[in-house]
Amino acid sequence: MTSNEPPSALGRLLYGGILAYMAIDGFKNNEKRVEIAKESGVPVPELLVPFVTGVLFAANVGIVLWKYPRASAAALIAFFLGTTPVIHNFWTMEGEERQGNKINFLKNCALLGCSIMLLDAAREDD
């Protein structure tokens, strides 16, 4: 990849497309996500959950299309840093709940790593 060439279109489609789809699914299951956020101590989850879901959707469309890639990647970094330790705080859980949230925490850390790489790749494109 040269300095002004965007990352792989297929890679961006898989990463951003799947996360955008997950955001759409989040809108469809907003009530459940609001309840999870409420249980996790998120303030005003009725407002923050749909807002953050919208940011997730918009940022991933930006990654897929490689439009405003720095802003899109930075929004994803903020999303993962803000939501992962709050929603997937496996260290406070026991049993199957702990294991499931540990897997989701680690998955989100990997997605955060990819977002950081995208930010680096976007440095000269935005």
Side-chain angles (χ1 to χ4, degrees):
M1 182 172 80
T2 61
S3 63
N4 288 330
E5 186 178 319
S8 161
L10 177 58
R12 293 190 335 263
L13 179 62
L14 287 170
Y15 181 82
I18 289 171
L19 287 173
Y21 170 79
M22 290 173 65
I24 292 168
D25 186 63
F27 283 125
K28 291 178 181 177
N29 296 298
N30 186 60
E31 292 171 12
K32 178 182 175 187
R33 290 176 182 239
V34 166
E35 189 57 39
I36 291 169
K38 191 179 293 185
E39 291 170 3
S40 298
V42 173
V44 290
E46 303 82 13
L47 297 174
L48 283 179
V49 169
F51 173 76
V52 168
T53 303
V55 168
L56 179 64
F57 178 77
N60 281 292
V61 169
I63 293 299
V64 170
L65 300 176
W66 207 242
K67 297 294 181 191
Y68 307 105
R70 284 177 37 169
S72 296
L76 291 173
I77 291 167
F79 171 83
F80 287 118
L81 287 175
T83 60
T84 301
V86 174
I87 301 301
H88 300 298
N89 54 345
F90 66 91
W91 51 91
T92 67
M93 301 169 186
E94 298 294 329
E96 286 184 31
E97 183 183 29
R98 178 184 177 98
Q99 185 60 26
N101 275 283
K102 183 178 181 180
I103 290 168
N104 284 323
F105 180 90
L106 295 172
K107 175 191 59 150
N108 280 8
C109 287
L111 292 168
L112 169 62
C114 185
S115 298
I116 293 168
M117 288 189 294
L118 288 167
L119 179 64
D120 187 54
R123 212 180 314 178
E124 296 181 17
D125 288 343
D126 201 12

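The structure displayed is predicted, hence computed values, not measured ones. Numbering of residues begins at 1 and proceeds along the displayed sequence. Heavy atoms only: backbone and side chains are in, while hydrogens, waters and symmetry mates are out.
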4.5 Å side-chain heavy-atom contact, Pro43 and Leu48
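Yes, side chains in contact.
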For a 4.5 angstrom cut-off between non-hydrogen side-chain atoms, does Tyr68 reach Val61?
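Counting from C-beta outward, Tyr68 and Val61 never come under 4.5 Å.
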Starting from Phe90 and following side-chain heavy-atom contacts under 4.5 Å between hydrophobic residues (I, L, V, M, F, W, Y), which residues can be reached?
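Cluster partners of Phe90: Trp91, Phe105, Leu106.
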Which other residues belong to the hydrophobic cluster containing Ile103, where Ile, Leu, Val, Met, Phe, Trp and Tyr are joined when side-chain heavy atoms lie under 4.5 Å apart, directly or via other members?
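Result for Ile103 is none, singleton.
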Identify all side-chain donor-acceptor contacts of residues 11-19 below 3.5 Å with residues at least two apart in sequence or on another chain.
unit_1, atom_1, unit_2, atom_2, d
Arg12, NE, Ile63, O, 3.0
Arg12, NE, Val64, O, 3.4
Arg12, NH1, Pro7, O, 2.5
Arg12, NH2, Val64, O, 3.1
Tyr15, OH, Leu111, O, 2.9
Tyr15, OH, Ser115, OG, 2.5

Above 12 or not: heavy atoms from other molecules or residues under 6.0 Å from CE of Met93?
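Yes, because the 6.0 Å sphere around CE of Met93 holds more than 12 heavy atoms from other groups.
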Heavy-atom neighbours of Glu39 CD exceed 12 at 6.0 Å:
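More than 12 heavy atoms, drawn from other residues, nucleotides or ligands, come within 6.0 Å of this atom.
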Enter the distance from Ser72:OG to Leu76:CG here, rounded to the nearest 0.5 Å.
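If we round to the nearest 0.5 Å, Ser72:OG and Leu76:CG are 7.0 Å apart.
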Distance check, rounded to the nearest 0.5 Å: Asn101 atom CG versus Lys107 atom NZ?
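Interatomic distance, Asn101 CG to Lys107 NZ, rounded to 0.5 Å: 10.0 Å.
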Could you tell me which residues satisfy side-chain contact (heavy atoms from CB on, under 4.5 Å) with Leu112, sequence neighbours excluded, listed by chain and number?
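Ile77, Phe80, Leu81, Ile116.
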Can you hop from Met22 to Phe79 via hydrophobic side chains spaced under 4.5 Å?
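Yes; Phe79 is reachable from Met22 via cluster members.
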Given 3.5 Å as the limit, does a donor-acceptor pair link the side chain of Ser40 with the main chain of Val42, or not?
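Judged by distance alone, no pair lies under 3.5 Å.
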Please set out all donor-acceptor pairs under 3.5 angstrom arising from side-chain atoms of residues 24-37, sequence neighbours excluded.
unit_1, atom_1, unit_2, atom_2, d
Asp25, OD1, Asn29, ND2, 3.2
Asp25, OD2, Asn29, ND2, 3.4
Asn29, ND2, Asp25, O, 3.1

Which heavy-atom pair separates Asn89 from Thr92 by the least distance, and what is that distance?
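Closest heavy-atom pair between Asn89 and Thr92: O-OG1, 2.8 Å.
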Mind jotting down which residue pairs meet the ring pair (Phe, Tyr, Trp, His ring centres under 6.0 Å) criterion with at least one end in residues 29-64? Sequence neighbours excluded, please.
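Output for this query is empty, none listed.
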